[in-house]
Amino acid sequence: MPTTSSPRNPSAPGPPDPAPGRTSARRRRAAYPSGPGLVLGLAALLPLAFLAVFFVLPVGGMLARGFLPDGRLDLSGVPEVLGRARTLRVLWFTLWSSAAGTAGTLLLGLPTAYVLHRLRFPGRGLLRAVVIMPFVLPTVVVGVMFRSLLSTGGPLGFLGLDGTWVPILLAFVFFNLAVVVRTVGGMWEGLDRRAEESAATLGATPWQVWRTVTLPALAPAVVSAATLVFLFCSTAFGVVLTLGGLRYGTVETEIYLLTTQFLDLQGAAVLSVLQLVAVVVMLTLAARTRRRTEGALKRVGARAAARRPRREDAAALAVTALAVALVLVPVGTLVVRSLRRGGAWTLENYRMLTDPTSTPVLRVSVTDAVENSLRTAVDATVIAMTLGLIVALVVSRRPRSPGWARAVSLLDGAFMLPLGISAVTVGFGFLITLDRPPLDLRSSPVLVPIAQAMVALPLVVRTLTPVLRSVDPRQREAAAALGAGPWRAAWTAEAPVLARPLAAATGFAFAVSLGEFGATAFLARPDRPTVPVVIYQLISRPGAENLGMALAASVVLAGLTVAVMAVVERLRVGSVGTF
């Protein structure tokens with residue numbers, strides 16, 4: 001997620017010290033004001049309570065149904081679940097497909113990050129927006145895109161790839177390319193080029209400069225991006241459910257099938273625990289590399305001017321062209337096929353979206369589902385932004401006490417867990433735990449925005465926390481030295497750099513909530529579905545009319561999310577950061 005460098009030069013001299021006897025105490029109060037710190041500590045209880053009720057309780061309830069069927073711990077089924085040929089096949093496919101998707105994303109993403117952040121040419125800003133766009137598209141829409149591209153009637157249907165694992169990997173790269181470009185490109189753009197120029201002057205080849213100078217400097221960002229991409233590939237529920245069919249499945253889709261088709265709660269619980277362990281490991285690695293990245297970002301100076309492409313940039317430019325084609329071809333195919341029916345150009349697929357009687361699959365029109373999605377996304381965004389801002393303010397502080405520092409680190413990690421835990425597990429957990437007073441919410445419409453807010457909350461925290469951590473503590477010291485109280489000092493230092501990222505995080509949370517599918521598939525009521533749920537219902541039924549409506553609905557949903565992210569990207573211009 002993006003961070004904004006401090007408006008004040010860190011190398012500039014600090015404010016004049018007050019009386020010598022009060023210097024240490026004054027600085028401690030300015031850097032870590034006791035008033036705001038105490039209030040923020042108490043305010044952290046609100047998001048912690050939200051996490052406990054709407055994440056720990058549902059996930060714990062899901063696991064309890066699997067491991068405590070009669071109120072007693074029963075692990076006898078664990079070896080049987082892990083020994084199933086199907087389970088081993090699912091675990092293997094999850095691991096190798098996520099690893100392959102991560103490798104492919106890095107191979108395309110690193111040269112693309114270099115071209116879009118280190119070179120100057122007409123249309124660079126537009127290409128940045130194009131590359132960023134797929135990340136916020138709903139996973140079910142991404143699945144529909146590649147299905148329409150590679151199916152028998154699609155432009156590339158002659159390749160015979162429909163029903164294989166290739167579309168899944170292509171969709172992984174398509175979806176996660178933005179993570180690498182934003183995370184690595186933002187740091188790359190701010191690197192001091194003098195070290196590279198010195199190495200070249202001493203006779204190093206471009207490859208040697210890259211291997212010995214540039215790559216070590218970018219290593220924290222590359223590792224952080226790779227960790228997140230692997231995590232997103234392993235939890236891309238809608239993509240695999242849409243493209244994998246009955247032949248290919250990941251841990252997340254297997255949990256979905258075990259709970260909805262076979263009612264095998266113990267099998268689902270075992271896989272959920274495996275996923276939880278893997279997510280904790282990945283998030284721990286990501287947290288360590290993120291701290292290194294944030295430390296490097298503080299050392300990044302003013303951005304060097306981008307230069308014109310040269311002959312040696314031809315390979316990177318070619319890879320970037322391939323990456324842009326990977327983004328535009330599926331999108332273009334989706335739009336074109338939504339305008340075709342029976343071999344003729346028509347708007348009939350879009351007209352049918354407004355007619356609730358156009359297909360027996362749906363109980364409401366797609367336009368009603370769009371309205372419901374927008375309303376639900378607004379509610380989810382309000383929840384995610386309120387809680388996310390509180391969490392970001394708390395975890396961005398740097399307590400000197402080792403105990404408090406560990407507590408802040410644990411709090412930060414706790415709110416990252418929903419990013420990787422199966423939304424299917426959370427959604428099903430809602431149904432089996434929030435079913436009795438005082439939390440009998442199974443039939444309440446508030447469950448859907450709460451579930452969507454749980455998905456968006458970690459992304460909001462990751463957007464705002466690096467921004468707040470980048471603020472030079474000496475700015476608070478200066479405000480305190482001039483007589484400002486603790487709250488005024490914190491506001492003076494942090495508000496100027498927080499305004500644009502706060503607006504960007506709001507748009508990001510809205511786009512993510514708009515396209516959430518995993519938990520919503522469990523929780524949305526038949527008379528109040530969201531657009532991703534409607535799309536999946538349509539493509540799951542045979543018939544040209546259903547497919548045409550699914551394509552048109554996917555275009556509408558993609559257009560909404562892209563429009564939101566276009567605004568977000570404008571708010572993020574001029575900032576350096578990571579996802």
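Reckoned from all heavy atoms, side chains included, excluding hydrogens, waters and symmetry mates.
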Nearest 0.5 Å please: distance from the [atom1] atom of [X] over to the [atom2] atom of [Y].
X	Y	atom1	atom2	answer
Leu156	Ser148	CG	OG	10.0 Å
Thr320	Arg124	OG1	CZ	12.0 Å
Tyr248	Trp165	OH	CH2	8.0 Å
Thr214	Leu110	OG1	CG	11.5 Å
Leu468	Leu502	CG	CG	9.5 Å
Glu348	Leu353	CD	CG	10.0 Å

Give the intermediate values and the outcome of side chain to side chain contact (heavy atoms under 4.5 Å, CB included) for residues Thr346 and Arg351. CA-CA 10 Å; Thr346 178; Arg351 187 200 63 79; over 6 Å; no
Run the salt-bridge test on Arg128 and Glu189 with the 4.0 Å N-O cut-off and return the result as yes or no.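 Counted as a salt bridge, because a side-chain N and a carboxylate O are separated by less than 4.0 Å.
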Salt bridge present between Arg462 and Asp412 (N-O < 4.0 angstrom):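 Between Asp412 and Arg462 there is a salt bridge, with a charged N closer than 4.0 Å to a carboxylate O.
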Any side-chain donor paired with an acceptor under 3.5 Å for [X] and [Y]?
X	Y	answer
Thr212	Gln208	no
Thr105	Asn176	no
Ser554	Arg337	no
Thr242	Tyr536	no

Residues in ring pair (Phe, Tyr, Trp, His ring centres under 6.0 Å) contact with Tyr114, at least two apart in sequence or another chain: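 Result, ring pair (Phe, Tyr, Trp, His ring centres under 6.0 Å) vs Tyr114: Trp188.
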Hey, is the main chain of [Y] close enough, under 3.5 Å, to the side chain of [X] for a donor-acceptor pair?
X	Y	result
Asn372	Arg528	yes
Thr253	Gly249	no
Arg340	Gly343	yes

Under the rule for side chain to side chain contact (heavy atoms under 4.5 Å, CB included), what residues qualify as partners of Pro138, not counting sequence neighbours?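 Only Val140, Val141, Leu557, Thr561 meet the side chain to side chain contact (heavy atoms under 4.5 Å, CB included) criterion with Pro138.
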Can you name the side chain to side chain contact (heavy atoms under 4.5 Å, CB included) partners of Ala318, sequence neighbours left out?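 Side chain to side chain contact (heavy atoms under 4.5 Å, CB included) list for Ala318, sorted by chain: empty.
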Run the numbers on Phe175 and Val239 for side chain to side chain contact (heavy atoms under 4.5 Å, CB included), then give the verdict. CA-CA 9 Å; Phe175 187 74; Val239 168; 5.6 Å; no
Could you tell me which non-hydrogen atom of [X] sits nearest to which non-hydrogen atom of [Y], and how far apart they are?
X	Y	answer
Leu116	Phe121	CD2-CZ, 4.0 Å
Leu149	Pro330	CD2-CG, 4.1 Å
Asp355	Ser358	O-OG, 2.8 Å

Are Gln452 and Thr376 close enough, and set up right, to give a side chain to side chain contact (heavy atoms under 4.5 Å, CB included), and what steps lead you there? CA-CA 8 Å; Gln452 292 178 355; Thr376 303; 3.3 Å; yes
Under 3.5 Å, side-chain donor or acceptor atoms of residues 215-223 against the rest of the protein: list the pairs with distances, not counting sequence neighbours.
none

Residues that Glu545 engages under salt bridge (Lys or Arg N to Asp or Glu O under 4.0 Å), provided they are two or more places apart: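 None.
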Would you say the ring centers of Phe172 and Phe232 fall short of 6.0 Å from each other?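 Between Phe172 and Phe232, the centre distance exceeds or equals 6.0 Å.
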Show me the side-chain donor-acceptor pairs of residues 379-387 shorter than 3.5 Å, one per line, residues at least two apart or across chains.
{"residue": "Thr381", "atom": "OG1", "partner": "Ala377", "partner atom": "O", "Å": "2.7"}
{"residue": "Thr381", "atom": "OG1", "partner": "Phe510", "partner atom": "N", "Å": "3.4"}
{"residue": "Thr386", "atom": "OG1", "partner": "Val382", "partner atom": "O", "Å": "2.8"}

Check each of Val366, Leu362, Asp368, Val364 against Pro529 using the side-chain contact (heavy atoms from CB on, under 4.5 Å) test, and report the only one that passes.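 Among Val366, Leu362, Asp368, Val364, the one that satisfies the side-chain contact (heavy atoms from CB on, under 4.5 Å) with Pro529 is Val364.
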Apply the test side chain to side chain contact (heavy atoms under 4.5 Å, CB included) to residues Tyr350 and Ser338: give CA-CA distance (whole Å), side-chain angles for both, the deciding distance (0.1 Å), then the verdict. CA-CA 8 Å; Tyr350 290 89; Ser338 72; 2.6 Å; yes
